[in-house]
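Since the structure comes first, as structure tokens, the remarks are kept for the end.
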Amino acid sequence: MISKKLLLIFFFSFAFSCAFAQYDLIVAQDGSGNYTTLQAAVNAAPAGLTTPYKIFIKNGRYREKINIPSTKTFIQLIGESVANTIVYYDDAAYMAGGTSGSASFTVNANDFSALNITFANTYDYDAGVAGGQTSIQAVAVLVNGDRVAFKNCRFLGNQDTLYQNKKGYYKNCYIDGIIDFIFGGGAAIFDSCTVYPKTRTTGGSSYITAANTPAGQAYGYVFRDCKVIGNPGGTAYVMGRPWQNSTGSSIPYAENKVVFINSILNSNISPAGWSTWDAGTNTALITFGEYQSKYFNNAAVDVSSRVPWS
């Protein structure tokens, strides 16, 4: 007769194997999956897919510079937990040959999705400033693929955290940074997300978004039912400034579009709300707006001092 102990071992082994049967590949640093690195799993995924190819990532800190190539459509990454499945690198623009090159995680494929993962660029921004470095943009995630979605993910960085260039959907995500930390030319919805403009220890102005919505594109960034939480250092922020709509920008200028709808703002948001890039900005091309903004105490935000062109 099989002992109870052996039955329990069999039951849990069977349950474990069934739980992971829903995934096409498993990544685990301890060797218990198909691959120990995420990039190896991505490289092993078939090209040209039309349905999600699910890669499960066990908890761990994966220091990798990841690229999802354009041929690897419909890849879906599922982390074991958002707090403990961390994909990160520590490049800055001056080290990587430009802002895009600094990205820890780059999505060039269409129809990519990710759940329960923290993406970070851990470059030491303050040390870079103290060392006199310039070009210290440090992207956590660069999205060049279309129809991309993230759910219950975190994006951590300082300057230029999330570079969103195509159509994207972000649900229940957390994004932090200090300068232009949500930026690019994409049409994206940030749905029920938490945005944290952190304390800027080096001083200077700070901005949440820097959209460069291309001329003729109908939509830009929409923040719906989001929370913009306050920082303890008292750093004042504006909700956005218009990238590539300024002196020296190529023609045609960007037609920058960012709106906040039914969102909760903190007292660190400047009364002006928004900013130009410089004296050469064409505000007639900009759509910056908000609807029914409230504070955390449910009081309506006083928008009487917002810039007149918003």
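- Between the side chain of Thr199 and the backbone N or O of Gly233 there is at least one donor-acceptor pair closer than 3.5 Å.
- Taking the six-membered ring wherever Trp is involved, the centroid distance between the rings of Tyr53 and Phe74 does not fall below 6.0 Å.
- In terms of modelled atom types and a separation under 3.5 Å, the side chain of Arg306 and the main chain of Pro271 share a donor-acceptor contact.
- Between Pro197 and Phe181, some side-chain heavy-atom pair lies under the 4.5 Å cut-off.
- Phe183 has its ring centre less than 6.0 Å from the ring centre of Tyr163.
- Residues Gln159 and Ile136 form a side-chain contact, since some pair of their non-hydrogen atoms from C-beta on lies under 4.5 Å apart.
- For the residue pair Lys198 and Gly157, the shortest heavy atom distance occurs at NZ-O, 2.9 Å.
- Taking hydrophobic clusters as Ile, Leu, Val, Met, Phe, Trp and Tyr residues chained together by side-chain heavy-atom distances below 4.5 Å, Trp277 does not share a cluster with Val307.
- Side-chain contact between Val139 and Ser100 is absent, with no heavy atoms from C-beta onward closer than 4.5 Å.
- Rounding to the nearest 0.5 angstrom, the gap separating the OH atom in Tyr291 from the CD1 atom in Ile261 is 9.0 Å.
- Evaluated for a side-chain contact (heavy atoms from CB on, under 4.5 Å) with Met239, the options Val228, Val195, Leu265 yield exactly one hit, Leu265.
- Tyr221 is not connected to Tyr219 by any chain of hydrophobic side-chain contacts under 4.5 Å among Ile, Leu, Val, Met, Phe, Trp and Tyr, and they are in different clusters.
- Tracing side-chain contacts under 4.5 Å through hydrophobic residues (I, L, V, M, F, W, Y), one never reaches Ile182 starting from Tyr174; they form parts of separate clusters.
- In this structure, Tyr123 has its ring center at least 6.0 angstrom away from the ring center of Tyr89.
- For the atom pair CD1 (Ile229) and CG (Asp176), the distance works out to 8.5 Å, reported to the nearest 0.5 Å.
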In sequence, state the C-alpha distance, the side-chain angles, and the governing distance for Asn152 and Asn172, and then conclude on side chain to side chain donor-acceptor pair (under 3.5 Å).
CA-CA 5 Å; Asn152 194 39; Asn172 296 337; over 6 Å; no
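- Nearest heavy atom pair, residue Leu156 against residue Ala140, reads O-CB, 3.6 Å.
- Of the possible donor and acceptor atoms, none in the side chain of Glu290 sits under 3.5 Å from a partner among the backbone N and O of Val301.
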Could you walk me through whether Asp90 and Arg63 pass the side chain to side chain contact (heavy atoms under 4.5 Å, CB included) test, one step at a time?
CA-CA 9 Å; Asp90 48 10; Arg63 185 180 182 271; 3.0 Å; yes
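- Scanning all heavy atoms of the two residues, the minimum distance from Asn282 to Asn245 falls at N-OD1, 2.8 Å.
- Atom CG in Asn116 sits 7.5 Å away from atom OG1 in Thr85 (nearest 0.5 Å).
- Between Gly280 and Asp278, the shortest heavy-atom distance links the atoms N-OD1, 2.7 Å.
- Note: Phe150 and Phe119 have perpendicular aromatic rings, judged against thresholds of 30 and 60 degrees for the angle between ring planes.
- Note: the hydrophobic cluster containing Ile68 also contains Val148 (ILVMFWY, side chain heavy atoms under 4.5 Å, direct or indirect links).
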Take Val143 and Asn165 through the test side chain to side chain contact (heavy atoms under 4.5 Å, CB included) and record every step on the way to the result.
CA-CA 6 Å; Val143 177; Asn165 278 322; 5.8 Å; no
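- For Lys65 (side chain) and Ala103 (main-chain N/O), a donor-acceptor pair under 3.5 Å exists by modelled atom type.
- Atom NZ of Lys171 is surrounded by more than 12 heavy atoms from other residues, nucleotides or ligands within 6.0 Å.
- Although no hydrogens or angles enter the test, the distance criterion places a donor-acceptor pair under 3.5 Å between the side chain of Thr73 and the main chain of Leu49.
- In terms of modelled atom types and a separation under 3.5 Å, the side chain of Lys72 and the main chain of Ala45 share a donor-acceptor contact.
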Mind running side chain to side chain contact (heavy atoms under 4.5 Å, CB included) on Ile178 and Tyr237 for me, showing each step along the way?
CA-CA 9 Å; Ile178 57 172; Tyr237 280 81; 3.8 Å; yes
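- Within the 4.5 Å cutoff, the side chain of Gln76 has heavy atoms near those of the Leu115 side chain.
- A 4.5 Å side-chain heavy-atom check between Val258 and Pro242 finds every atom pair outside the cut-off.
- Contact between Ala109 and Phe112 at its shortest, heavy atoms only, is O-CB, 4.2 Å.
- In this structure, Thr281 and Ile286 have side chains that are in contact, with non-hydrogen atoms separated by less than 4.5 Å.
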Using side chain to side chain contact (heavy atoms under 4.5 Å, CB included), reason through Asn256 and Arg241 one step at a time and then give a plain yes or no.
CA-CA 8 Å; Asn256 323 82; Arg241 62 173 176 170; over 6 Å; no
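- Of the N and O atoms on the side chains of Asp160 and Gln137, not one donor lies less than 3.5 Å from an acceptor on the other residue.
- Side-chain atoms of Asn144 and Asn108 form a donor-acceptor pair, as typed in the model, at a separation below 3.5 Å.
- Considering OG of Ser205 and CD1 of Ile179, their distance stands at 9.0 Å, rounded to 0.5 Å.
- Under the 4.5 Å side-chain criterion, counting only non-hydrogen atoms from C-beta, Gln39 is not in contact with Tyr62.
- A distance of 4.0 Å separates CG of Asp111 from CZ of Arg147, quoted to the nearest 0.5 Å.
- Nearest heavy atoms, Ala93 versus Thr99: CB-N, 3.7 Å.
- Taking hydrophobic clusters as Ile, Leu, Val, Met, Phe, Trp and Tyr residues chained together by side-chain heavy-atom distances below 4.5 Å, Tyr35 shares a cluster with Ile66.
- Note: Ile117 CD1 to Arg154 CZ = 12.0 Å, rounded to the nearest 0.5 Å.
- Side-chain N or O atoms of Ser263 include none that pairs as donor or acceptor with a backbone N or O of Ser293 at under 3.5 Å.
- At distances below 3.5 Å, at least one donor-acceptor pair connects side-chain atoms of Ser104 with backbone N or O atoms of Ala120.
- Looking only at distances, no side-chain donor or acceptor of Gln133 sits under 3.5 Å from a matching main-chain atom of Gly128.
- Between the side chain of Gln244 and the backbone N or O of Ser250, no donor-acceptor pair lies under 3.5 Å.
- Under a 4.0 Å N-O distance rule, the pair Lys54/Asp24 does not qualify as a salt bridge.
- No hydrogens or angles considered: a donor-acceptor pair under 3.5 Å links the side chains of Gln164 and Tyr170.
- Counting heavy atoms from C-beta outward, Leu77 and Val87 have side chains that stay 4.5 Å or more apart.
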